[in-house]
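Beneath this line is the structure, given in C-alpha cells, with notes to follow.
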Amino acid sequence: MPIPLVNSIASWFLKKRIHQMELFIKYPHEVQDELLKNLLTKAKNTEIGRKYNFPEITNYNQFANRVPIQKYEDYEACIERSRQGENNIFWPTPIKWFAKSSGTTSAKSKFIPVSEDSLEHCHYRAGKDLLCMYLNNNPQSQFFTGKSLRLGGSKEIYKNNGTAYGDLSAILIANMPFWAEYSSTPGNEVSLMNDWEVKMQAIVNETIKENVTSLAGVPSWMLVLLNNILETTGKENLFEVWPNLEVYFHGGVSFDPYAPQYQKILPKEDFRFYEIYNASEGFFACQDQNDSKELLLMLDYGIYYEFIPMDSYGSENEKAIPLSEVETGKNYAVIITTNAGLWRYKIGDTVKFTSLSPYRIKVTGRTKHHINAFGEELIIENAEEALKKTSLVTNCEIVDYTAAPIFMEGKEKGAHEWIIEFKNPPRDFEKFRFELDLALQQVNSDYEAKRYNNMTLNMPKIHQAREKLFYDWLKKHDKLGGQHKIPRLSNSRNYVEELLNMNKS
C-alpha cells in the first residue's frame, strides 16, 4: 500500500480515536462507572456473577461491599478449571488463551486468562492508541515507511484441550491480523521460537536486512539484542544500521537504569522514547506526550480501576478506593476488574498519580518488591532514582542489580546489601557506596531517618557482579527473554544469597 494512502488512513483513524480519548479525559468517573455496569451485566450469568448476585449491584459501594478483593491464589482453582476446558466460570465467553507470568513474585507460574474481549478491546486497542498518540505528537513521522522491530516471548500449547499458554507478547503476535505481521519484523516463525539464544541470533540475521523505523520491547532484553546487532554488523550506532529509526516503545521494567546505554547507541536528539504500562492482566497506561515520564491512564479498555493506599496496604485498615478518590503524590496498589473475568484483582503493582485532570501516573514498583525490614519503605522508584544520581556522579553504567536487607544480629545493626553488574564500573567503589547511600537518603526520608547517626542502618554493602551474572541466573531458572527479570528489591535474602554464590564461581 502506498505510504501517502497509509498516512491518510492513519490520520482518519487518529482523529476519530483522539476524540474518544478526549471524552474519557473529560468524563473519567462517568466512563468508569458505565464500564463497571457493563462488566457486571455481561458476567451476570457466570458462576461468579451468580455467586455475588451481580444483577442486584447498581453502584460502586455495593460492588465493593459484596465482591472481595482477590489475589492470584484465590483465583487459581477457577483458572485451572478454565484451562481444562470449562466455560462461564468468571467470564461468559470461552477463554482460549492464558498468559503465563514471569513468576517473579513466586516460584510458581501464574496463568492469566486472556479473553477475546481483552485481546480486541484492551491489548490491540492500546497498540493502535499508542500509535495514534505518537503520530498526533509527531505529524512529520515516517513511521509507515518501514517496519517495527518487535521483541517478544515464546509460545507453548497446553496439549490436553486446545487452550494455549505463553508469554503475553507471544499470544498477541499469534493472534495479530496479517497486515500487522507485514509491518513487523521478525516474522512470526522467528518471533515465536522457544530457544531464546537461538532466537536472538535469528532475529539479528532477519532484522538487519530490513528498514526498521521503530522498536518495541522490554528495555533489558532489547538492549541485549541491539548490542548483538551492532556486534554483528560492526557498526557504532543503530542509525548506521537503520537510518530511518525514529522511536522506541518500551515497558515491562524501568527504563532509567538503561537510559545512558540507549543514548549511546541512539545518538540523535530528536529520537523518541515512548513508555507503556502493560501486564499479562491488561494494558493500563501509555505516554501521551513527547519527552514525558507521565503515563495517561486509559479508562475505556474494559478495565475498572481501584486503588489501595500503600500506607494501609496489608493492614487491618486496608481499604480500596475508586478513581474519583485518589490524590497526587501518594503511593497506591492497583486493583483491577477486567473484561477477561478478573474481579477486584490485586496485580501487585504500585503507582503514583502525577495529575488528576487528566489522570496520569508513574509506576513506582511492586507491592512485594521493596525493602521494609527496618521501617525504611524503600521502593523501586527510590532505588532507580538513587542509582541514576549515583551513576552520574561516579561516571559509571549499570546493567542490572538487586538488593536485600542484612538483618540485625545481636548488637550488629542492619544494612542493605546490593549486587550490581556494571557495563562501566566506577573507578572508586567507596565513593560509589557513599554517593548511593546519600542519594537514597535524599529520595527517601524513612531511609534517611534510619541512617541518622547509624541509628538503625549502617552504610550499604556493595558487591560488583561478574559479567553476565544476572543473565546466567535467568538462564539457570529457564527465564531468558520476554519480561523475565530478577526482583530489584526483596525483603528476603533468597535471591541475594544465590547470586552471591554464583558470583564466586
Side-chain angles (χ1 to χ4, degrees), residues 16-44 49 52-70 117-118 121-123 125-126 129-130 132-133 276-279 281-289 292 294-313 318-347 349-364:
K16 180 182 176 184
R17 182 55 185 149
I18 290 293
H19 174 66
Q20 292 171 337
M21 290 181 201
E22 287 170 348
L23 286 176
F24 78 66
I25 286 172
K26 189 174 182 179
Y27 305 105
H29 309 140
E30 292 85 349
V31 167
Q32 279 280 282
D33 288 345
E34 186 66 25
L35 191 153
L36 177 60
K37 289 177 183 176
N38 289 340
L39 291 173
L40 290 166
T41 298
K42 185 154 188 175
K44 65 182 180 181
Y52 297 113
N53 207 344
F54 280 4
E56 287 189 359
I57 299 176
T58 59
N59 57 51
Y60 169 71
N61 286 333
Q62 290 177 346
F63 176 66
N65 289 331
R66 188 168 295 186
V67 181
I69 292 173
Q70 316 247 15
D117 291 292
S118 64
H121 301 300
C122 181
H123 295 290
R125 174 180 282 187
D129 283 356
L130 185 62
C132 274
M133 292 180 201
I276 63 173
Y277 171 32
N278 69 330
E281 294 86 353
F283 198 113
F284 311 124
C286 49
Q287 182 179 329
D288 65 320
Q289 306 168 99
S292 172
E294 300 176 83
L295 308 180
L296 181 68
L297 190 65
M298 306 304 288
L299 302 179
D300 62 351
Y301 284 179
I303 299 174
Y304 183 80
Y305 293 98
E306 298 174 79
F307 303 89
I308 300 175
M310 281 303 290
D311 54 13
S312 66
Y313 185 85
E318 174 182 294
K319 183 179 183 294
I321 58 174
L323 184 66
S324 58
E325 295 180 23
V326 300
E327 303 172 29
T328 57
K330 293 186 74 171
N331 213 26
Y332 293 101
V334 182
I335 310 298
I336 58 172
T337 293
T338 78
N339 52 5
L342 296 176
W343 298 93
R344 306 197 77 203
Y345 181 84
K346 288 183 176 181
I347 62 173
D349 289 344
T350 59
V351 300
K352 279 183 183 176
F353 284 86
T354 58
S355 165
L356 303 183
S357 183
Y359 284 101
R360 289 199 179 100
I361 62 171
K362 292 178 75 173
V363 181
T364 55

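If you read the sequence from its start, that first residue is 1, and numbering goes on from there. Predicted model only: the values in this text are computed from it and were never measured.
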Review point. Rounded to the nearest 0.5 Å, what separation is found between the CE atom of M298 and the CG atom of N278?
Key: 12.5 Å

Check your understanding: Are the side chains of D288 and M21 in touch, meaning some heavy atoms are under 4.5 Å apart?
Key -> no

Review point. Are any non-hydrogen side-chain atoms of Y27 and D33 less than 4.5 angstrom apart?
Key: no

Point to revise | Side chain to side chain, M310 and T364, heavy atoms closer than 4.5 Å | key: no

Point to revise | Pairing residues for D300 by the salt bridge (charged side-chain N to carboxylate O under 4.0 Å, His left out) criterion, not counting sequence neighbours | key: R17, R125

**Study point:** Chi angles and distances behind the side-chain contact (heavy atoms from CB on, under 4.5 Å) call for I308, I69
**Key:** CA-CA 11 Å; I308 300 175; I69 292 173; 4.1 Å; yes

Practice item. Look up atom CG in L299 and atom CD in E30, then write down how far apart they are to the nearest 0.5 Å. Key: 11.0 Å

**Study point:** Minimal non-hydrogen separation, P322 against Y304, with atom names
**Key:** CB-OH, 3.9 Å

Practice item. Please check if any side-chain donor atom of Y60 sits under 3.5 Å from a side-chain acceptor atom of Q32, or the reverse. Key: no

Point to revise | Within-4.5 Å side-chain heavy-atom neighbours: L295 and V351 | key: no

Practice item. Output, in order, the C-alpha distance, side-chain angles, deciding distance and verdict of ring pair (Phe, Tyr, Trp, His ring centres under 6.0 Å) for F353 and F307. Key: CA-CA 11 Å; F353 284 86; F307 303 89; 5.1 Å; yes

Exercise for review: Only one of E281, E306, E318 passes salt bridge (Lys or Arg N to Asp or Glu O under 4.0 Å) with K346; say which it is.
Suggested key: E318

Practice item. State which residues pass side-chain contact (heavy atoms from CB on, under 4.5 Å) with A126; sequence neighbours excluded, sorted by chain then number. Key: F283, Y301

Exercise for review: List the atom of F54, the atom of A43, and the distance in Å for their closest heavy-atom pair.
Suggested key: CD2-O, 3.8 Å

**Study point:** Closest approach of S355 to E294 (non-hydrogen atoms, all atoms of both residues)
**Key:** CB-OE1, 4.3 Å

Exercise for review: Rounded to the nearest 0.5 Å, what's the gap from CG on L39 to CG on D117? Could you check?
Suggested key: 9.0 Å

Exercise for review: Side-chain contact test, heavy atoms from C-beta onward, threshold under 4.5 Å: evaluate it for I361 versus Y332 and give yes or no.
Suggested key: no

Point to revise | Shortest non-hydrogen separation from R66 to N53 and the atoms involved | key: NH1-O, 3.2 Å

Check your understanding: Any side-chain heavy-atom pair from L40 and K44 closer than 4.5 angstrom?
Key -> no

Point to revise | Considering all heavy atoms, the nearest V67-R344 contact | key: O-NH1, 2.7 Å

Exercise for review: Starting at CG of L36, measure out to CZ of F63 and round the result to the nearest 0.5 Å.
Suggested key: 5.0 Å

Revision key, fill the gap. CD (E327) and CD1 (I321) are apart, to the nearest 0.5 Å, by 7.0 Å

Check your understanding: So, do Y305 and L35 sit near enough that their side-chain heavy atoms are less than 4.5 Å apart?
Key -> no

Check your understanding: What distance separates F284 CZ from L297 CG, expressed to the nearest 0.5 Å?
Key -> 9.5 Å

Check your understanding: Closest heavy-atom contact between C122 and I303?
Key -> SG-CD1, 3.9 Å

Exercise for review: Using side-chain contact (heavy atoms from CB on, under 4.5 Å) as the criterion, list what pairs up with T41, not counting sequence neighbours.
Suggested key: none

Exercise for review: Please tell me if the side chains of L23 and V31 come closer than 4.5 Å, counting only heavy atoms from C-beta onward.
Suggested key: no

